[in-house]
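For reference, the structure is listed below as structure tokens.
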Amino acid sequence: MDGREPITAASGWTPESIRALVDVQTGTLDPRIYCDEALYRIELEQVFARSWLFLAHRSQIPKAGDFFSTYMGEDPVIVSRQKDGSVAAFLNQCRHRGMRLSRLDHGNAKFFTCSYHGWSYDSAGKLVSVPMEKNGYCSKLNKADWGAVRVPRIAEYKGLIFGCWDEQAPDLDAYLGDAKFYIDVMFDRSDAGTEVWGGVHKWVIPCNWKFAAEQFCSDMYHAPLSHMSAILAVLPDGVPPEAAQWPTEGLQWRSPNAGHGTGFHTPDDQGQLLGAIVGPLVAQYLMESRPRVAARLGNARTTAVNGAHMTIFPTCSFLPGINTLRVWHPRGPNEIEVWAMAIVDADAPQDVKDCWGQGITRSFSPAGMFEQDDGENWIEVQRVLRGARARAQPFNLQMGMGNEQSDERFPGPLSYVFSEAAARGLYTRWARMMAGESHEQLARPNEGVS
Amino acid sequence: MDGREPITAASGWTPESIRALVDVQTGTLDPRIYCDEALYRIELEQVFARSWLFLAHRSQIPKAGDFFSTYMGEDPVIVSRQKDGSVAAFLNQCRHRGMRLSRLDHGNAKFFTCSYHGWSYDSAGKLVSVPMEKNGYCSKLNKADWGAVRVPRIAEYKGLIFGCWDEQAPDLDAYLGDAKFYIDVMFDRSDAGTEVWGGVHKWVIPCNWKFAAEQFCSDMYHAPLSHMSAILAVLPDGVPPEAAQWPTEGLQWRSPNAGHGTGFHTPDDQGQLLGAIVGPLVAQYLMESRPRVAARLGNARTTAVNGAHMTIFPTCSFLPGINTLRVWHPRGPNEIEVWAMAIVDADAPQDVKDCWGQGITRSFSPAGMFEQDDGENWIEVQRVLRGARARAQPFNLQMGMGNEQSDERFPGPLSYVFSEAAARGLYTRWARMMAGESHEQLARPNEGVS
Amino acid sequence: MDGREPITAASGWTPESIRALVDVQTGTLDPRIYCDEALYRIELEQVFARSWLFLAHRSQIPKAGDFFSTYMGEDPVIVSRQKDGSVAAFLNQCRHRGMRLSRLDHGNAKFFTCSYHGWSYDSAGKLVSVPMEKNGYCSKLNKADWGAVRVPRIAEYKGLIFGCWDEQAPDLDAYLGDAKFYIDVMFDRSDAGTEVWGGVHKWVIPCNWKFAAEQFCSDMYHAPLSHMSAILAVLPDGVPPEAAQWPTEGLQWRSPNAGHGTGFHTPDDQGQLLGAIVGPLVAQYLMESRPRVAARLGNARTTAVNGAHMTIFPTCSFLPGINTLRVWHPRGPNEIEVWAMAIVDADAPQDVKDCWGQGITRSFSPAGMFEQDDGENWIEVQRVLRGARARAQPFNLQMGMGNEQSDERFPGPLSYVFSEAAARGLYTRWARMMAGESHEQLARPNEGVS
Amino acid sequence: MTPQVTPELQLDIERFLFAEAALLDRHEYRDWLSLFTEDLVYLLPVTTNDHEQAVGAPPPPGPQAYYFHDDLRTLTQRVKRLETGKGWAEMPPSRTRRMISNVMLTPADVAGEWNVACNYLLYRSRLERQVDLLIGSRVDRLRPDPDGSRWKIARRDLTLDQGTLLANNLSIFF
Amino acid sequence: MTPQVTPELQLDIERFLFAEAALLDRHEYRDWLSLFTEDLVYLLPVTTNDHEQAVGAPPPPGPQAYYFHDDLRTLTQRVKRLETGKGWAEMPPSRTRRMISNVMLTPADVAGEWNVACNYLLYRSRLERQVDLLIGSRVDRLRPDPDGSRWKIARRDLTLDQGTLLANNLSIFF
Amino acid sequence: MTPQVTPELQLDIERFLFAEAALLDRHEYRDWLSLFTEDLVYLLPVTTNDHEQAVGAPPPPGPQAYYFHDDLRTLTQRVKRLETGKGWAEMPPSRTRRMISNVMLTPADVAGEWNVACNYLLYRSRLERQVDLLIGSRVDRLRPDPDGSRWKIARRDLTLDQGTLLANNLSIFF
Ligand code: FES
Ligand code: FES
Ligand code: FES
Ligand SMILES: [Fe+3]
Ligand SMILES: [Fe+3]
Ligand SMILES: [Fe+3]
């Protein structure tokens with residue numbers, strides 16, 4: 001049974017017309033990628049069903065039987081810790097008539113019993129019991145064929161559990177590539193690793209997922225203006241306004257082919273800004289831990305990565321230092337659900353963890369002083385795209401074209417911190433997947449991006 | 001003017017791809033039948049515009065001029081009692097600019113005068129007066145051509161008034177076939193027949209209409225688990241938990257070709273469960289009336305049909321005994337309006353009628369202890385189908401395949417009460433109509449269903 | 001980048017099937033023009049992007065820097081008064097990533113600075129400053145290419161500012177043609193012209209824009225019945241019910257080709273009805289001003305145009321005398337936003353202006369005693385069209401077919417005031433534009449309309 | 001002489017109503033049941049579009065459908081259902097919040113009893129994103145305990161101001 | 001000395017406001033009209049998005065549009081319209097429910113009169129599935145009858161907290 | 001002996017709560033801040049679907065996420081943000097209306113202080129057509145001024161009855 005056929009048949013889109021939506025030669029973008037219904041249905045198949053998607057953080061399901069309910073694109077999945085310590089994930093859908101197996105956000109369960117007719121599955125999704133199996137099904141039902149649909153690929157990197165529907169996809173390690181070097185800044189600060197503080201913020205923003213993914217991938221540019229009010233607000237009294245000056249030096253990295261990206265400021269402000277945002281206790285803790293961290297990650301990643309943003313294509317984003325981690329779950333072309341978590345060092349003192357978690361809440365969450373303004377921009381961009389002329393205007397993606405640089409301290413390709421190179425990489429990756437390139441083809445670098 | 005052309009042109013669906021959605025050989029179902037927009041638009045034409053649809057119960061429009069406003073699919077229609085006692089039904093739409101002729105749920109009216117420009121129609125939908133007919137229309141308007149659009153086929157069976165848009169459709173009697181044998185259990189208990197107690201429950205459930213229609217057609221299987229809480233709740237105090245054991249014996253009937261179905265338990269519990277659900281007064285009344293009823297319907301239908309469910313394809317469902325009657329009005333692929341009525345014997349004592357009506361309200365209505373849980377299951381199944389992978393998983397329709405039986409007391413084909421044979425029959429009928437089979441073809445038995 | 005291609009590709013509609021929707025020979029209309037999603041998307045391109053659309057009234061932006069935020073179809077535009085007194089209009093969309101440049105309804109601004117990354121535009125939409133232009137864009141960004149998208153055609157007629165996206169469109173003067181003769185009744189009563197009293201009423205009605213546009217273009221027919229309750233309510237106590245008799249004499253004008261239309265009653269009731277509706281002070285003022293106005297417009301337009309309605313194709317409508325002016329902004333096929341303004345003579349005494357403005361508010365506004373009932377009719381017509389059979393019934397457009405007349409006092413073509421000739425003209429214009437006729441072709445008269 | 005509605009009485013009865021609402025919002029259903037008299041009448045009829053005039057009389061009477069036509073026995077059955085741990089429609093439970101306003105006391109025909117009218121807004125949030133807004137009026141007959149110490153509800157007449165009910169079920173209480 | 005807001009006064013005035021709301025919810029419009037003074041001023045202006053600061057002063061004044069700019073004569077016209085039996089927008093009538101909260105009394109500049117502020121939630125349900133939620137603030141000027149026996153409304157200033165009105169019409173009263 | 005809830009006290013405290021709500025609805029944030037004590041605790045935790053039973057105990061405790069985990073210093077930062085004239089999420093400002101109901105006083109463990117429970121409906125209208133409806137419960141700890149003249153809020157515990165928050169942000173206060 002093939003979910004794709006009628007979709008593309010009726011969509012009117014071809015690989016060529018899709019590729020033409022992203023033009024890295026001129027550095028322009030057709031905004032219909034953000035609002036076209038048919039493109040969205042193709043996205044679910046070509047992008048979300050073929051990419052590695054973030055499922056959960058290891059610390060959310062520590063014990064055997066612990067499960068966390070999340071989504072891959074629009075598909076509900078249960079991520080569950082097995083007795084042997086491994087992780088299984090499967091569609092949160094009964095195979096009989098499709099009822100959701102668990103309506104809980106998280107919990108601990110040996111079995112998932114469907115509330116409709118009572119089919120029961122174990123914590124790995126195996127179908128273990130069926131009412132009336134003998135009398136009703138005359139023992140002809142092959143239970144082995146009717147387990148919950150497993151996510152075939154599950155892998156973890158530094159506490160981040162990812163899943164992928166596509167058997168052909170490269171393994172997670174290859175998929176991440178040099179992104180790991182930058183992920184470690186946030187997730188590999190000690191052997192103890194990290195943990196989620198508190199729970200999950202879930203909220204709805206009526207905008208396309210790519211605005212959010214691109215911003216965390218490539219957009220340091222918006223920070224000084226979009227977030228000026230929050231910067232001014234959190235500055236300790238008496239600090240001169242100059243202190244509110246946003247730093248100008250820094251670097252941006254883009255994945256050569258995979259659509260990931262990150263950017264950060266290289267000058268070492270000794271955690272001053274971070275302290276203002278999440279609290280002095282955290283800043284002090286970070287300064288003290290520098291030697292330990294430097295021993296693991298080296299000096300560059302300890303002192304020269306400040307105010308960083310990062311996206312793992314397509315929808316996993318985070319801010320090293322501020323330590324918010326989130327997924328942008330798509331809900332149609334015009335809406336996302338943001339699922340955001342606060343990440344803290346697992347071996348930090350409890351008072352530091354609490355200060356950190358609360359600081360993240362006050363800066364990046366639905367009520368966060370920084371996050372509020374992002375939401376305002378995204379929804380307005382999306383609303384404007386209801387217009388037929390508005391969606392016929394190319395967006396400008398030209399910042400830093402043809403200006404890549406290198407730095408022996410960091411893997412490349414690199415650009416100036418204020419650049420849209422990583423965005424050009426992200427949209428090119430998107431267009432290549434949408435056009436149906438195979439994983440072999442996708443392993444090759446993006447052409448024309450610089 | 002043909003409503004179908006651009007729809008199918010743009011739909012991407014063909015008779016073949018539609019037939020492939022229902023596979024009775026393997027007993028599987030493509031869940032896109034529940035959520036695909038294009039399929040839904042085709043349904044309105046191929047299924048709802050060609051099938052006999054329940055309009056009203058005779059008792060809802062007793063007197064000349066009485067009318068009841070309802071829907072056929074998404075089309076509003078007025079069902080109206082004529083002076084000669086016959087029933088007329090017509091689109092609740094003015095022929096001038098399409099205004100709704102009556103915004104009342106029910107009433108009594110000689111004329112329906114449009115509130116927009118004042119065209120006036122009689123109780124049969126005939127256009128009788130037009131403002132400015134002389135000066136504005138220069139007497140050139142042929143009023144006979146512009147009456148409200150009549151439903152060409154109207155027929156009644158045992159108080160149930162049905163209508164059909166299709167001149168070619170077989171008559172109601174042939175359409176119902178052996179279903180009549182089972183309908184009589186609820187609607188032919190005496191010469192006095194039945195009546196609606198109170199009014200109509202109308203509520204919205206965000207799910208596809210086929211979940212509801214199939215469940216009442218074929219799904220005794222969900223009752224023990226879905227409704228366990230209600231069973232336990234209504235058991236008289238002191239009754240041992242064993243009493244809550246759901247019976248295991250019973251039969252299911254499916255129409256050979258028309259998609260109807262019913263199921264029931266054959267052991268005679270002397271109305272015990274029914275008494276617990278709708279009240280002892282009703283149970284006692286039913287036991288007392290058994291001889292009278294047996295004289296009409298025979299012993300089998302009087303004592304061996306317990307806890308029955310039934311659907312007349314596509315959207316008319318009821319529960320003999322509990323006596324709830326309802327229509328599942330489609331509202332797009334993802335929503336229905338349930339219109340439910342309480343049915344009582346017209347010649348029952350008033351106190352029995354009231355006890356019955358109140359008992360139905362407390363068990364099957366928006367606040368009904370049984371109905372609540374059905375709504376919960378259906379909406380979750382539907383929500384899960386937003387997922388691209390979720391809608392690519394076949395549903396399992398295999399219960400009781402190849403296991404039909406016979407019983408001289410009941411017309412067949414019959415199966416064990418816990419079976420999905422009637423569901424296979426319903427979906428096969430659906431696929432055949434969707435694929436465009438003529439009524440001649442549709443008169444032949446479903447192939448491969450067993 | 002072409003917004004049309006995939007739309008029409010997937011729409012299933014052809015120029016021929018679109019033309020067939022409007023049949024002026026039989027005087028019938030296919031109601032799918034009001035509810036088909038694909039037709040709507042084509043409308044935005046073929047009708048709204050090629051017609052002159054009302055933007056604002058001159059008095060709303062008197063001073064340099066004053067701006068008014070409105071829409072052209074679904075596209076947000078800023079209409080702004082320039083230093084040289086001219087008017088500029090441009091998409092309210094930043095060229096970088098599409099953020100809305102101003103979220104204010106109106107104001108005065110030298111610059112529009114985007115809240116996302118800070119690109120800044122002047123009051124003509126010129127891009128004047130870009131953060132990081134030197135470091136980020138390496139001075140390679142050609143700001144001249146990236147100004148806000150200007151509305152290329154702007155023109156004003158008697159205080160009414162119109163805009164058009166299409167360079168090929170005829171100029172406003174030719175587009176209006178003889179409509180100007182009728183527009184002047186309301187907008188050219190003195191050298192001082194008119195002004196907007198108060199502000200703008202904006203509200204949402206879930207109906208297609210053409211119901212509203214057609215009614216103000218061609219539908220005096222609905223007034224006596226739809227608005228009977230308001231007429232009766234505003235009649236001074238003691239006035240005999242006969243006074244509520246709606247006048248029967250009058251004329252209707254239709255544009256030969258452009259879809260505009262108006263209708264009015266010729267008997268001179270000395271402003272009696274108008275006085276009852278908007279207040280005696282206004283009626284008295286109008287009677288006193290008659291000599292002055294007659295000197296400009298002649299007697300016919302001063303005394304023989306009463307209770308008039310008018311639409312400038314597609315969505316600008318007004319009622320001379322009652323002096324409400326409004327635009328029907330489309331919001332999908334099933335919804336409009338009404339933006340209504342009260343118009344008063346700029347040189348009227350303040351107490352007359354206030355009485356007029358308040359009288360308009362009480363008669364034509366969301367709470368207006370007349371307007372309320374229009375909204376009720378339109379939403380019900382639209383809801384009924386959810387039905388598959390309902391949308392397959394032709395609407396009747398036959399009133400006054402083949403009955404045009406002439407009157408030396410008024411430019412033609414003319415009909416009796418109760419006629420649908422102007423509606424036939426409007427829908428024919430609509431079909432011709434939808435079928436893709438060039439402006440040269442559109443300049444020719446509508447064939448078959450009479 | 002008709003009994004006076006004093007601020008003390010108004011406050012006393014409002015506190016009773018607010019406490020009752022809080023019991024429901026906290027799902028403490030057994031305590032809630034204890035607030036009703038043995039002879040409780042609990043009615044929520046269905047609303048229909050069946051009269052033409054905005055002014056004057058209420059809709060014509062006649063046979064009516066009900067969402068709730070309950071007494072203490074059947075309300076107790078509903079609570080038992082929730083206690084089984086198999087009432088799927090409330091697992092996990094709905095988040096409800098009851099806002100009680102326009103509380104208006106009038107003396108009942110039985111000395112010491114009061115008819116207490118109010119308007120209610122019953123907000124329900126379920127699962128991830130489901131929200132229902134149920135709004136209507138209510139008249140409670142309040143009867144003092146034999147010892148006069150506290151109130152009991154002897155009758156509850158509700159309206160739910162909706163033609164076609166927009167909620168998928170009413171698995172909560174009013 | 002400024003007059004005291006006593007619990008008795010608060011209760012008295014709240015009962016007056018609740019009774020008024022009930023008259024509207026029951027469509028008893030003539031009785032409702034009897035609650036206003038001859039010199040009534042009844043205003044509901046339109047809200048706009050026209051100032052940039054979340055902190056400090058209200059929007060700049062200037063010419064304003066109104067949903068309602070009425071006096072007793074024109075309110076009476078509106079009721080007459082509903083009485084004709086041809087006011088389609090209210091046939092069948094809307095189901096409305098008015099929730100009055102945050103009732104706050106302050107003495108008016110005229111002795112014996114009070115400015116009564118409240119927030120209102122006006123819920124409207126029409127026909128089969130239409131629902132409108134209209135929320136805002138209100139300040140009533142209450143004036144005692146000459147004989148001081150009961151209150152009359154001399155002025156009503158409303159706000160409706162919506163930019164673009166989301167209702168298809170306002171065929172009801174505030 | 002436990003302190004009595006008199007109509008006078010109820011009225012006094014309700015007027016305090018209504019005045020506070022009005023300050024927020026008028027965006028008078030500095031005056032609003034002045035209503036809190038120096039040691040303010042201001043908490044709004046996230047709600048989850050994490051227990052199965054509709055009857056009985058509240059959800060299992062454990063680490064929680066918060067929408068607001070603030071004190072007077074951080075609330076003041078939020079106000080400073082709005083004062084910068086660059087807080088885009090509130091430019092133009094949201095139109096808010098706070099309806100406070102079910103106000104229930106219980107004496108706190110500290111003499112003279114009260115725990116004041118209420119339900120709130122926070123309506124937000126933004127820009128042209130955005131509307132958010134935020135509903136939940138609140139418990140305020142009210143502490144009298146040293147001179148006993150007026151109240152201060154020492155602690156605010158909120159709930160927001162929604163699983164997945166349906167608003168694009170919470171740029172307003174609770
Ligand atoms: S749907 Fe799960 S058991 Fe039937
Ligand atoms: S729409 Fe019915 S008379 Fe015109
Ligand atoms: S979107 Fe306007 S500056 Fe980036
Ligand atoms: Fe940001
Ligand atoms: Fe069931
Ligand atoms: Fe009209």
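So you know, we letter chains A, B, ... as the sequences are listed, proteins then strands, and number each from 1.
Panel note: side chain Gln93(C), backbone Ala390(A); a donor-acceptor pair is recorded below 3.5 Å.
With a 4.5 Å cut-off on non-hydrogen atoms, Tyr416(A) touches chain C through its side chain but not through its backbone. Using a 4.5 Å cut-off between heavy atoms, Ala423(A) contacts chain C through its side chain alone, with no backbone atom that close. With a 4.5 Å cut-off on non-hydrogen atoms, Asp374(A) does not touch chain C at all. Both the backbone and the side chain of Val130(C) come within contact range of chain A, judged by heavy atoms closer than 4.5 Å. When heavy atoms are compared at a cutoff of 4.5 Å, Leu385(A) approaches chain C solely by way of its side chain, counted from C-beta outward.
Between His96(C) and Gln398(A), the side chains place no donor N or O within less than 3.5 Å of an acceptor N or O (distance only, hydrogens not considered). There is no side-chain donor-acceptor pair under 3.5 Å between Thr248(A) and Asn135(C).
Between chain A and the residues Leu44(C), Thr113(C), Leu91(C), the most heavy-atom pairs under 4.5 angstrom are made by Leu91(C). Counting heavy-atom pairs closer than 4.5 Å to chain C, the top-ranked of the candidates Met401(A), Arg383(A), Glu376(A) is Glu376(A). When each of Pro131(C), Gly118(C), Pro76(C), Cys94(C) is scored by its heavy-atom pairs under 4.5 Å with chain A, the top score falls to Pro131(C). Ranked by non-hydrogen atom pairs under 4.5 Å with chain A, the options Cys138(C), Gly73(C), Gly98(C) are led by Gly98(C). Among the candidates Arg95(C), Arg331(C), Met72(C), Met99(C), the residue making the largest number of heavy-atom pairs closer than 4.5 Å to chain A is Met99(C).
Taking the six-membered ring for Trp and the full ring otherwise, the centers of His117(C) and Phe418(A) sit at least 6.0 Å from each other.
Of all heavy-atom pairs between Gly332(C) and Arg386(A), the closest is N-NH2, 3.9 Å. Taking all atoms of both residues into account, the shortest heavy-atom contact from Arg97(C) to Phe211(A) is O-CE2, 4.4 Å. Looking at every heavy atom in both residues, Arg389(A) comes nearest to Asp75(C) through N-OD2, 2.9 Å. The minimum heavy-atom distance linking Ser226(A) with Ser115(C) is given by the pair OG-O, 3.3 Å.
Within the 4.5 Å cutoff, side-chain heavy atoms of Asn396(A) are placed close to those of Tyr137(C). Side-chain contact between Trp378(A) and Tyr116(C) is present, with at least one heavy-atom pair separated by less than 4.5 Å.
A salt bridge does not link Glu74(C) to Arg391(A): none of the charged nitrogens lies less than 4.0 Å from a carboxylate oxygen.
With sequence neighbours left out, the salt bridge (Lys or Arg N to Asp or Glu O under 4.0 Å) criterion links Glu156(C) to Arg58(C).
For the atom pair SG of Cys114(C) and NE2 of His222(A), the computed distance is 11.5 Å after rounding to the nearest 0.5 Å.
For NZ of Lys140(C), the number of neighbouring non-hydrogen atoms (other residues, nucleotides, ligands) closer than 6.0 Å is greater than 12.
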